[in-house]
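Any value given below was found using the heavy atoms of this structure, including those in side chains, with hydrogens, waters and symmetry copies removed. Whatever order the structure lists ligands and atoms in, that order sets their numbers, starting from 1.
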Amino acid sequence: MKLTRREHLALMGGALTAAAIPAGLSADGHTVHEVQMLNQDPENKRERQVFVPSVVRAMPGDTIRFIATDRGHNAQSNEDWSPEGGTEWKGSINQEVEVTIDVDGAYMYECQPHSSAGMIGLILVGDVSGNYEDLKGQRFRGKAKQRAQAYFEMADEMLAAEA
Ligand SMILES: [Cu+2]
């Protein structure tokens, strides 16, 4: 059987996808970060309605995949908690959603039904210097206030480790 050049390339591409790209990398070489939407943190069972991991370090072009491990959650960006012109997304309840974030900055995002119950998460994309301090100064209410504080502390440590 003689393949056309296009068929040959298609086959090669398929083989490359199956064999050469490690799990966690997208086809273009960017990282795919998985975040689970959970009723309870398996590492700390007193923490309910959480994104795990709660803080993700990413680079522009990386993809975040929110996995609907437990029911009743979604993941969505919040304009007040995103860099100006930042990537926006809104997942449906109970649905896995993927977002590729191209715009540098710090993004606090939320689960719509549980935002005030503290179901928020933080993604640091590339250079966060443009809005990180502003984001830290935002108002977070109720349980989200306590979690935001904890997540900023984790983020500070991650960023300090890079310096
Ligand atoms: Cu939720």
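- Ser115 places no side-chain N or O within 3.5 Å of a backbone atom of Cys111 that could act as its donor or acceptor partner.
- Remark: the Thr63 side chain and the Thr100 side chain contain an N/O donor-acceptor pair separated by less than 3.5 Å.
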Decide yes or no on salt bridge (Lys or Arg N to Asp or Glu O under 4.0 Å) for Lys136 and Asp156, but give the supporting numbers first.
CA-CA 11 Å; Lys136 284 168 130 181; Asp156 285 344; 3.0 Å; yes
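- No donor-acceptor pair closer than 3.5 Å links the side chain of Asn94 to the backbone N or O of Arg71.
- Look at Met119 and the Cu ion (ligand 1): an N/O/S atom of the residue is under 2.8 Å from the metal.
- Restricting His73 to its N, O or S atoms, the one at the least distance from the Cu ion (ligand 1) is ND1.
- Nearest N/O/S atom of His114 relative to the Cu ion (ligand 1): this is ND1.
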